[in-house]
Amino acid sequence: TAVSWKVTSANTIEITYADAVYADDLANGLSQFSVSIDGNAGTPTAGTISANGKVLTLTVASMTASATNNAVTVLYTKNSIADQFLESQYGAPVESDSAANSVDRDTCDATAAPVNGGNGDCGSALEAGGECQPTCNSGYVPSGKTSCGFAGVVTHATCVPTAVSWKVTSANTIEITYADAVYADD
């Protein structure tokens, strides 16, 4: 019995089973899985089963991290060809799904405040594909928004110093003063 379905990258879905499952010829049995991404049905291009047999990873068409207008479902329909269908560790066939299963996406903990700022509207359960806006102390502005990607990977915005004054010092030189030290890598 499958217990969870999760998007783990732009091209992979992991299905976790309560007990180990096996298929001697899974590569030729991928047509048993119907994957729908944003309403477009397809068949996985590859599949692997973990060493402990409890996680089946399907390689699929490209997805975005966001669930908005990008719903993903998986339906397993057991075929009759021996060695291609999934079976339990006891040799019993895994039964077909009665309906398509929604595939989940991880959330991100985006509460870490940037240096020289606060967490703003960023919370502990930012949805995959979602964005939030941290706040910055006086003299700083956000570099962008904090975002949540695949598998709960968060990309944090930073607070960068703001320019406080501009002064023309010669015919071809402008002096810019920032609220804090700035550095250039190149």
Taking Thr107 for its side chain and Ala125 for its backbone only, find out whether a donor-acceptor pair lies under 3.5 Å. no
Heavy-atom nearest pair, Gln133 first then Cys122, reads N-SG, 3.7 Å
Taking a hydrophobic cluster as the set of Ile, Leu, Val, Met, Phe, Trp and Tyr residues connected by side-chain heavy atoms closer than 4.5 Å, whether directly or through intermediates, do Val7 and Val154 fall within one such cluster?
no
Practice prompt. Flag the pair Thr1 / Asp19 as yes when at least one side-chain heavy-atom distance between them is below 4.5 Å, and no otherwise.
Written response: no
Any Thr155 side-chain heavy atom under 4.5 Å of Ser147 side chain: yes
When every non-hydrogen atom of Met63 is compared with those of Thr12, the smallest separation belongs to CE-O, 3.8 Å
Value for OH (Tyr17) from OG (Ser4), rounded to nearest 0.5 Å, stands at 10.0 Å
All heavy atoms of Pro44 vs all of Phe33, minimum pair found to be CD-O, 3.3 Å
Q. Taking side chain as C-beta onward, heavy atoms only, is Pro114 less than 4.5 Å from Asn116?
A. no
When Thr146, Thr111, Asn119 are each screened for side chain to side chain contact (heavy atoms under 4.5 Å, CB included) with Pro134, the one that passes is Thr146
OG1 of Thr162 to CG of Asn137, rounded to nearest 0.5 Å, is 11.0 Å
Between the CG atom in Asn52 and the CD atom in Gln89, the distance rounded to the nearest 0.5 Å is 10.0 Å
Notebook entry, point to check: Cluster question for you: counting only ILVMFWY and a side-chain heavy-atom cut-off of under 4.5 Å, with indirect links fine, are Val94 and Ile49 together?
Noted result: yes
Margin query: Are Lys167 and Thr177 packed together at the side-chain level, in the sense that at least one heavy-atom pair is separated by less than 4.5 angstrom?
Written below: no
Practice item. Would you please test Ser143 and Thr158 for side chain to side chain contact (heavy atoms under 4.5 Å, CB included) and show each step? Key: CA-CA 5 Å; Ser143 62; Thr158 59; 3.1 Å; yes
For Asn28, the side-chain hydrogen bond (donor to acceptor under 3.5 Å, both in side chains) test, sequence neighbours excluded, returns Asp25
Heavy-atom closest pair (Thr169 atom, Glu175 atom, distance to 0.1 Å) is CG2-CB, 3.7 Å
Should Val60 and Val74 be counted in the same cluster of Ile, Leu, Val, Met, Phe, Trp and Tyr side chains packed under 4.5 Å apart? yes
Across all chains, not counting sequence neighbours, the side-chain hydrogen bond (donor to acceptor under 3.5 Å, both in side chains) partners of Thr43 are none
Per side chain to side chain contact (heavy atoms under 4.5 Å, CB included), Leu56 is matched among Thr48, Ile13, Ile15 by Ile15
Q: List the steps, then state whether side chain to side chain contact (heavy atoms under 4.5 Å, CB included) holds for Val72 with Arg105.
A: CA-CA 10 Å; Val72 177; Arg105 290 170 167 81; 3.5 Å; yes
Separation between OH (Tyr22) and OH (Tyr90), nearest 0.5 Å, reads 9.5 Å
Sequence neighbours excluded, the answer for side-chain hydrogen bond (donor to acceptor under 3.5 Å, both in side chains) partners of Asp121 is none
Value for SG (Cys132) from CD (Glu127), rounded to nearest 0.5 Å, stands at 12.0 Å
Correct closest heavy-atom pair for Tyr76 and Leu86 would be OH-N, 3.0 Å
Kindly say whether Gly144 contributes a backbone atom to a donor-acceptor pair with the side chain of Glu131 at under 3.5 angstrom? no
Nearest heavy-atom approach of Pro93 to Lys78 is CB-CD, 3.6 Å
hydrophobic_cluster_shared for Trp5 and Leu30, side chain cutoff 4.5 Å: yes
### Query
Can you check whether Ser102's main-chain N or O pairs, donor with acceptor, with Thr73's side chain at less than 3.5 Å?
no
